[in-house]
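Note sheet for the following structure.
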Number of protein chains: 2
Amino acid sequence: MTPLDLVDEAALRAEDSPKLGRKRDHTRDADILDAALEVLAETGYDGMTVDMVAARAKAGKATLYRRWPSKAELVLDAVACLKRADSDPAKLPDTGTLRGDLVALIKTPSIEDGERKLQIMAGIVSMLSRSPELADAAQAAIVEPRARVNRLLMRRAIDRGEISADVDIDTLSMVSTAMVSHRVLMLRKPVTREFLISLIDNVILPAAGIPRAPASSASSSSR
Amino acid sequence: MTPLDLVDEAALRAEDSPKLGRKRDHTRDADILDAALEVLAETGYDGMTVDMVAARAKAGKATLYRRWPSKAELVLDAVACLKRADSDPAKLPDTGTLRGDLVALIKTPSIEDGERKLQIMAGIVSMLSRSPELADAAQAAIVEPRARVNRLLMRRAIDRGEISADVDIDTLSMVSTAMVSHRVLMLRKPVTREFLISLIDNVILPAAGIPRAPASSASSSSR
DNA sequence: TCTATACGGAACTTGCGAGTTTCGGATATA
DNA sequence: TATATCCGAAACTCGCAAGTTCCGTATAGA
């Protein structure tokens with residue numbers, strides 16, 4: 001019995017990557033980064049202490065400093081390593097209509113995940129102007145994936161002939177993200193399914209050239 | 001010797017109005033609050049020190065603490081006293097068309113003022129979840145006035161018969177604000193006049209039921 | 001001119017959090 | 001069992017910023 005797996009894993013942990021670079025799938029590193037994101041979302045960057053993160057990850061503070069040189073770099077790494085599972089192009093809905101695709105994107109886990117990311121964003125906004133690296137990381141990990149999905153769906157709608165090619169997709173793909181951010185961060189109201197559907201039907205689709213509610217009378221459309 | 005004025009004024013400052021109350025036109029108070037807003041916009045709440053504000057206002061730190069019990073209350077007061085000149089209903093443009101009104105709203109000073117408010121907002125976002133009072137103040141002083149103007153303009157357009165009464169004005173009036181916030185805070189791109197005009201022509205007006213590009217090239221191939 | 005008040009400035013005290021060091025105890029190899 | 005390594009926990013150092021106190025001075029009223 002040669003437990004190569006374990007040997008390999010231990011070796012990976014111990015000796016490799018003195019810099020930072022790679023992130024392993026499921027090492028203690030990941031636990032710590034997750035803990036950092038949790039605390040970050042709850043208290044914001046300045047409210048977050050390294051002791052909090054260590055306690056949350058059930059690790060010693062010294063362990064954190066053995067792996068990251070400073071609190072700033074820990075947070076940067078945590079944001080940069082935020083999972084971007086969204087961008088998987090094959091998993092996107094394809095219902096045949098833009099409205100169907102956009103509505104299919106609304107699922108409870110997706111909403112919660114979005115709110116979490118927004119909380120993280122709220123915790124670091126004030127840093128972004130002083131830390132371009134963090135700004136880039138947040139942009140790539142939080143902002144861009146959302147817009148990309150919408151952009152893809154809308155491009156499909158153009159290819160399919162559902163909407164005009166003149167539609168300003170680059171702007172329109174950010175409307176939902178911007179409205180959700182605004183609602184959560186500024187208005188501090190919850191993001192409900194109704195809000196999102198209303199946004200699709202009353203703003204995004206009309207702006208894309210699809211006229212409003214063909215069945216505007218009674219609510220109907222139960223499911 | 002009964003200098004009633006001074007007694008009254010001192011009393012007002014020192015003990016009265018725990019809420020917010022009046023802001024004098026041109027006292028040292030206003031200078032200090034302005035300085036606080038400047039520093040807040042530049043460094044964010046946590047980066048801001050009371051010494052910075054005092055230095056900026058050419059005041060002693062003790063003077064600040066004679067008037068506000070803590071840094072938190074100083075900032076709260078500063079945000080609450082942000083001038084809301086926008087909401088003057090008489091000064092609103094009235095060009096006869098919704099597009100004309102919205103475009104008339106874009107003026108360089110207005111853009112700069114908006115960016116400044118956004119910077120202030122960025123500096124306090126992470127506090128809002130822990131300080132409902134600050135959240136309310138920011139809402140009332142920064143977020144709401146913007147939406148109110150748009151709402152008014154759109155209501156006029158409905159009254160005038162330019163757009164349908166079915167249009168979701170409450171949502172639509174926030175689109176520009178949300179998009180600008182998103183662009184400044186998340187994308188960290190400048191807010192140009194072109195961006196705002198494109199937003200009006202490609203998103204807001206179409207969403208309000210006004211078809212695109214009155215002076216567009218060809219296209220307009222509605223089925 | 002005299003006096004009270006508030007001011008600016010600067011020197012404090014205090015608490016907290018970043019980053020460091022130490023140490024006892026796991027775990028794994030031989 | 002012996003040994004090397006990494007870990008968690010806790011006890012440090014140290015700098016910074018909130019809040020306080022004190023003092024010399026400017027100003028306004030009498």
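Letters A, B, ... mirror the listed sequences (proteins, then strands); counts begin at 1.
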Hey, does the side chain of [X] come within less than 4.0 Å of [N]'s phosphate (OP1/OP2), counting only N and O?
X	N	answer
A:Arg28	D:dG8	yes
A:Arg67	D:dC6	no
B:Arg66	C:dA6	no
A:Thr63	D:dG8	yes

Side chain of [X]: nearest nucleotide among [options]?
X	options	value
A:Ala59	D:dG8, C:dA18, C:dC7	D:dG8
A:Lys61	D:dC7, D:dT20, C:dT20	C:dT20
B:Asp51	D:dG8, D:dC7, D:dA18	D:dA18
B:Lys71	D:dG19, C:dG8, C:dA18	D:dG19

Atom pair CG (A:Leu33) and OG1 (A:Thr27), whose distance is rounded to the nearest 0.5 Å: 8.0 Å
Using 0.5 Å steps for rounding, measure from the NZ atom of A:Lys71 to the OH atom of A:Tyr65. 8.5 Å
Side-chain ion pair, [X] and [Y], N-O less than 4.0 Å:
X	Y	result
A:Arg151	A:Glu144	yes
A:Arg99	A:Asp201	yes
B:Arg116	B:Asp113	no

Over all strands shown, is A:Met48 touching base, sugar-phosphate only, or nothing at heavy-atom distances under 4.0 angstrom? sugar-phosphate
Just checking B:Ala62: base, sugar-phosphate only, or nothing, at a heavy-atom cut-off of under 4.0 Å? base
[N] [atom2] sits how many Å from [X] [atom1], rounded?
X	N	atom1	atom2	result
A:Ile32	D:dC7	CD1	C1'	11 Å
B:Arg56	C:dG8	CZ	P	16 Å
A:Asp29	D:dC7	CG	C1'	14 Å
B:Met52	D:dC16	CE	P	12 Å
A:Asp31	D:dG8	CG	C1'	15 Å
B:Tyr65	C:dC7	OH	P	16 Å

Between A:Asp46 and B:Gly60, which has a closest nucleotide on DNA chain C that is more 5'? B:Gly60
